[in-house]
Protein chains: 2
Amino acid sequence: MARPRKTVTLKEVAREAGVSISTVSRALNDQPFVRDEVRDRVLTASKALSYRPDVAARSMRTGTTGAVGLVVSDISNPLFAAIAKAADETLSPRGYALMIANSSNDASHEAELMRAFQQRRLDGLIIAAADEGAAGLAERIADFQAAVLLDRDVPEAQADSVLSDHRTGLTDALQHLVDLGHERIALITGTASQRGSRVRIQTYFDACRRLKVACEPALCRSEQMTVDDGYQSVSEVLDLPEPPTAIIAGNNQLFAGLFAAIRDRGLRIPEDLSIVACEETELTALHRPPLDVVRRDLAELGRAAAELLLERIDEPTRAPRQILLPTVFEARASSDRPPAELAA
Amino acid sequence: MARPRKTVTLKEVAREAGVSISTVSRALNDQPFVRDEVRDRVLTASKALSYRPDVAARSMRTGTTGAVGLVVSDISNPLFAAIAKAADETLSPRGYALMIANSSNDASHEAELMRAFQQRRLDGLIIAAADEGAAGLAERIADFQAAVLLDRDVPEAQADSVLSDHRTGLTDALQHLVDLGHERIALITGTASQRGSRVRIQTYFDACRRLKVACEPALCRSEQMTVDDGYQSVSEVLDLPEPPTAIIAGNNQLFAGLFAAIRDRGLRIPEDLSIVACEETELTALHRPPLDVVRRDLAELGRAAAELLLERIDEPTRAPRQILLPTVFEARASSDRPPAELAA
DNA sequence: ATTTAGTCTGCAATCGTTCTCAGAGAACGT
DNA sequence: ACGTTCTCTGAGAACGATTGCAGACTAAAT
């Protein structure tokens, strides 16, 4: 850990090039009113000393940091990891660095993280807020010069957002199951304080009513989106006097819980129970038999969020934009006719 | 996006508390020589104005940023995502923010990322370098005040490192397969420029020789650790005149490729082929039948790396430390006796 | 009463940029 | 020849914190 390379500053480049500090700054920042001959001399000197502007100093002067924040509940969830990757791939070539933070789905911790990011003067924020209704959330978001919501509705924040059209994919999945003869279908999803789950719950009741199948609150579970909650919810639903013949899990964690629960009960897929996952994962993609899934392009989600953010950074007064991305139901081999019909 | 809240600085707190700027700074930083009564007044004023020190300004003065970088090949790989999460959970309570960057396993791109981090004056770096032998890597690492290598050997860097004991887990896996009667076992792993794969390759040849089973270079594939490479390598190995009866994949991506390849060939597990994965994932944990795996605690890896980094930040001159963490082979249901024996 | 030591506080320099402002030349028109 | 405009450059003031140094005040010791 030797520290021989002292950092080289504008002053040294200026001396090397035989000009003043301000001229060096102008030359390096592509500003007008610098003679070509001088600009060349500066560029040469800068290269020779391998000068790199100090981000902190620049940041103090300009108020920008060239860094943006990403707040999600859990970066180790492949869902958010995929989004983070795509966002980084969009931001990095534009010179922005990505700072991540895990809220653990705790609204007050999330608020603290946002304040910390604020203090670091990040140029923008991409956030999948834990609770859309948290007190002061809109203000905290608006405190950022630029902010993009990841599949969240916070109207008062007047922020840009990237949304998934959960309704279409889920409706198609329900239709598919009903077409197979299912009349009792359960939905396991997250709390209504996050748009994705809220939309799923609405869609579920709308579709079940329209398709004239069981539409009972007991079949629609809304808990935290953890593996354990998924396991628990599925267990309770299967212990109902009239259990469902098909279960849809609202995200990958819940699906993992669902999968573990039916494994522990020794249920066969799809003979004993039909299942559908929301979100494609390694498991749904590679399992044999392949698993039915409501897919969406997570990379596109991350990319779109990053692009919206860059747009807003460039043009802070632009009207808020929403981007709606599709979800697609893909039938594979984890759904079939319900057990009663198979027996008949 | 209203911007009403102008940032409140030391000056305003000083005015509010009726003292000078320096006194406020001292009071807030728990320095001696501040009367209790004054300190209280400052703290009250600070709270009233909800003062937050400007990170950029402090950074310029002190040279520290309270941020550390994490460089991995791909943050969307659950393996690195899990490490990132654990590292963040250790660093965040200590006031450090985490900046991530994806090298895409490209050594020159990685070098550029490190320079960018350097320029941001990050207080430390955690890195799973793409190529241990890359020119100048050791110097670039040493340029950081603190650095921790993630399962990499770069002796000249004199850096701290967290290593996995790949040998034990893999040896046990090979022993298990040989005990079952396998005499031709293939290993699909990454390039030797990364410690994990290098150790696996050595271990593979050592163990095969000792156990007196086939020890041919054709059965040991060393490529990039991507799903496609895994698929390709497995295909080629299975097309050999004498194909293996068991295959071990060196990481989760390669295992995904392996899994897809044998699915496409319609091979049954474990009747037609025994397989073992390195790294536990959703797939290996939840698949039915459950899959044999060489596990390690990724969270522990991330945590240990973060802790080593914090130690070194606090004590820059301390001698480099290595932490070796275990790997464990767990037999489940994806390995059995080879086809020939089963037929007999 | 007067030194002396010990506490406390404020002034001002500093970190490395960016950016305003003013001044120096050159070019040009009258 | 003399303004006027235009192009270029440098001096110096920010940005908001930390910190060395000197001075002021208090308390103790002579």
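Counting any heavy atom pair closer than 4.0 Å across all strands shown, A:Gln31 reaches sugar-phosphate atoms only and no base atom. Using a 4.0 Å heavy-atom cutoff across all strands shown, B:Val55 reaches no nucleic acid atom at all. Using a 4.0 Å heavy-atom cutoff across all strands shown, B:Thr62 reaches sugar-phosphate atoms only and no base atom.
Across C:dG16, D:dC8, C:dT14, the shortest atom-to-atom separation from the side chain of A:Ala57 is found for C:dG16.
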Output, in order, the C-alpha distance, side-chain angles, deciding distance and verdict of salt bridge (Lys or Arg N to Asp or Glu O under 4.0 Å) for A:Glu311 and A:Arg321. CA-CA 10 Å; A:Glu311 279 180 26; A:Arg321 273 183 63 193; 2.8 Å; yes
Show the numbers, then the answer: is there a salt bridge (Lys or Arg N to Asp or Glu O under 4.0 Å) between B:Arg94 and B:Asp314? CA-CA 12 Å; B:Arg94 292 278 303 264; B:Asp314 290 345; 3.2 Å; yes
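If you take NZ of B:Lys11 and P of C:dC11, they are 13 Å apart, rounded to a whole angstrom. Rounded to whole Å, the distance from CD1 on B:Ile21 to C1' on C:dA12 is 11 Å. Atom pair B:Asp54:CG and D:dC15:C1' shows a separation of 8 Å (rounding to whole Å applied).
Not a single donor-acceptor contact under 3.5 angstrom links the side-chain atoms of B:Arg58 to the base of D:dT18. Between the side chain of B:Arg26 and the base of C:dG10 there is at least one donor-acceptor pair of N/O atoms closer than 3.5 Å.
Using a cut-off of 4.0 Å between Lys/Arg side-chain N and Asp/Glu carboxylate O, B:Arg52 and A:Glu112 are scored as salt-bridged.
Under the 3.5 Å distance criterion, the side-chain polar atoms of B:Gln194 are matched with a main-chain donor or acceptor of B:Ala130.
Regarding contacts with the backbone of D:dG10, a side-chain N or O of A:Thr23 is found under 4.0 angstrom from either OP1 or OP2.
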